[in-house]
Amino acid sequence: MAGEDRDMETETETGCPGNAAGRFAAGEDPAKREQILAGAWRVFKRKGFDAASMNDITREAGVSKGTIYVYFSNKEDLFAALVDQHRQEFATSMRNILAGTEEVRDGLKQFGKAFANKMICSDMVPAMRSVIGVIDRMPKLAQRFFIAAPNNVRTVLQDFIEHHVALGHLKVDNVELAARQYIELSTGTFFKLRLFGEIEGPVPEEELDRVIASAIKVFMAAYGTDKA
């Protein structure tokens, strides 16, 4: 019993979170939550959503049944949390990349390369495949991948475009449409090939550069100004 209590509540390094004893309240330890999510993701990748069970996830994550249900009410809740986590991590990384650029073309290039590599070489496509597998039964879950929110990668690109519109570098009537168009131009083919298993390893650097350069040329022809 004592071991299970230790599993459910973790002391902080600073000793100042959930209560006077320096422990997190049940269900509020971010390290424990991450431990469960990491275990769940390994199970979902190995078995798929439908074949995975909460017992599988409990064993993989190394937590008790009591603990996992404190953090997540069911498999669907856990899977939704994973979707949100993947989407948010992706968006944050892309925002950081764009924050380090000043010129439109450089930002578009860095965004396109990072987006393509994320689609091809990370767990993003396996996550999307899992979502597609349950889309008829769980349509709202699938929508979470693409919802327009601050932690959505398309919104990150929209913010970048709006910034350069304000600077006079771009002239765009519909920023959302322009962001969608650039994503499709720079990474659409690679993403679809990866999604359907046509490519497994990284795209050759010269091919990636060639496609992205063409995407930037088309995008700037449509939206660039003489100030760009």
Of Arg46, Lys45, Lys47, Lys75, the one forming a salt bridge (Lys or Arg N to Asp or Glu O under 4.0 Å) with Asp56 is Lys47

Can you tell me how the ring of Phe79 sits relative to the ring of Phe49, calling it parallel under 30°, perpendicular over 60° and tilted otherwise? tilted

Item checked: Validation row: Arg95, Asp159 side chains within 4.5 angstrom (heavy atoms) -> yes

Taking the side chain as everything from C-beta on, heavy atoms only, tell me whether Arg42 gets closer than 4.5 Å to Leu37. no

To the nearest 0.5 Å, atom CD of Gln181 lies from atom CG of Leu177 at 4.0 Å

Which of Ile57, Ile68, Val70 passes side chain to side chain contact (heavy atoms under 4.5 Å, CB included) with Val63? It is Ile68

CD of Glu162 to CG of Leu157, rounded to nearest 0.5 Å, is 10.0 Å

Mark yes or no for whether Glu60, through its side chain, and Val43, through its backbone, hold a donor-acceptor pair below 3.5 Å. no

Margin query: Side chains of Val104 and Ile216, heavy atoms from C-beta outward: is any pair under 4.5 Å?
Written below: no

query = Is the closest side-chain heavy-atom distance between Phe160 and Leu108 below 4.5 Å?
reply = yes

*Do the side chain of Tyr71 and the main chain of Glu34 share a donor and acceptor less than 3.5 angstrom apart?*
no

**Report entry** Salt-bridge contact Lys109-Asp106 (side-chain N to carboxylate O under 4.0 Å)
**Finding:** no

Are there over 12 heavy-atom neighbours, none belonging to Glu103, within less than 6.0 Å of that residue's CD? no

In this structure, NE2 of His164 is separated from CG of Leu98 (nearest 0.5 Å) by 8.0 Å

(message) Is there a side-chain contact between Phe111 and Ile97 in this structure, where contact means two heavy atoms from C-beta onward sitting under 4.5 Å apart?
(response) no

Nearest heavy-atom approach of Ala215 to Tyr182 is CB-CE1, 3.9 Å

Rounding to 0.5 Å, atoms NZ (Lys118) and OG1 (Thr187) come to a distance of 13.5 Å

Quiz item: Does a sphere of radius 6.0 Å around CG in Asp173 hold more than 12 heavy atoms from other residues, nucleotides or ligands, not counting ones at 6.0 Å or beyond?
Solution: no

- request: Please answer whether the main-chain N or O of Arg210 pairs with a side-chain N or O of Ser214 as donor and acceptor at a distance below 3.5 Å.
  value: no

Arg87 vs Val153 side-chain heavy atoms within contact, under 4.5 Å | no

By side-chain contact (heavy atoms from CB on, under 4.5 Å), Val211 pairs with (sequence neighbours left out) Phe190, Glu207

Full working for side chain to side chain contact (heavy atoms under 4.5 Å, CB included) between Glu184 and Phe191: CA-CA 9 Å; Glu184 288 296 318; Phe191 163 65; 6.0 Å; no

* Asked: Under 4.5 Å between any side-chain heavy atoms of Tyr69 and Asn74, yes or no?
  -> no

*asked:* side chain to side chain contact (heavy atoms under 4.5 Å, CB included) for Leu170 and Met220? Distances and angles first, verdict last.
replied: CA-CA 8 Å; Leu170 296 172; Met220 295 303 292; 3.9 Å; yes

> Any side-chain heavy-atom pair from His163 and His169 closer than 4.5 angstrom?
Replying inline: no

Answer with yes or no whether the hydrophobic clustering places Phe196 together with Ile183; edges join I, L, V, M, F, W, Y residues whose side-chain heavy atoms lie under 4.5 Å apart.
yes

Of all heavy-atom pairs linking Phe219 and Ala178, the shortest is CE1-O, 3.5 Å

Shortest non-hydrogen pair, Ala40 vs Leu82, comes out as CB-CD1, 4.0 Å

CZ of Arg59 to OG of Ser64, rounded to nearest 0.5 Å, is 13.5 Å

Note: Val156 and Ala91 closest approach over all heavy atoms is CG2-O, 3.7 Å

* Does the side chain to side chain contact (heavy atoms under 4.5 Å, CB included) test come out yes or no for Lys65 and Asn55, once each step is laid out? -> CA-CA 8 Å; Lys65 286 185 178 180; Asn55 285 337; 2.9 Å; yes

- Would a line drawn from the ring center of Phe90 to the ring center of Phe115 be shorter than 6.0 Å? yes

Note: with side-chain heavy atoms under 4.5 Å as the link, the other cluster members for Leu185 come out as Val218

Set out, in order, the CA-CA distance, both residues' side-chain angles and the distance that settles side chain to side chain contact (heavy atoms under 4.5 Å, CB included) for Glu205 and Lys113, then state yes or no.
CA-CA 9 Å; Glu205 191 74 16; Lys113 292 189 73 170; 2.5 Å; yes

Tightest non-hydrogen contact, residues Ala61 and Gln35, listed as O-NE2, 2.7 Å

Rounding to 0.5 Å, atoms CE (Met94) and CZ (Arg154) come to a distance of 13.5 Å

- prompt: Is a donor on one side and an acceptor on the other found under 3.5 Å between the side chain of Thr225 and the backbone of Gly168?
  reply: yes

Check this for me: does any side-chain nitrogen of one of Glu198 and Arg194 sit under 4.0 Å from a carboxylate oxygen of the other? no

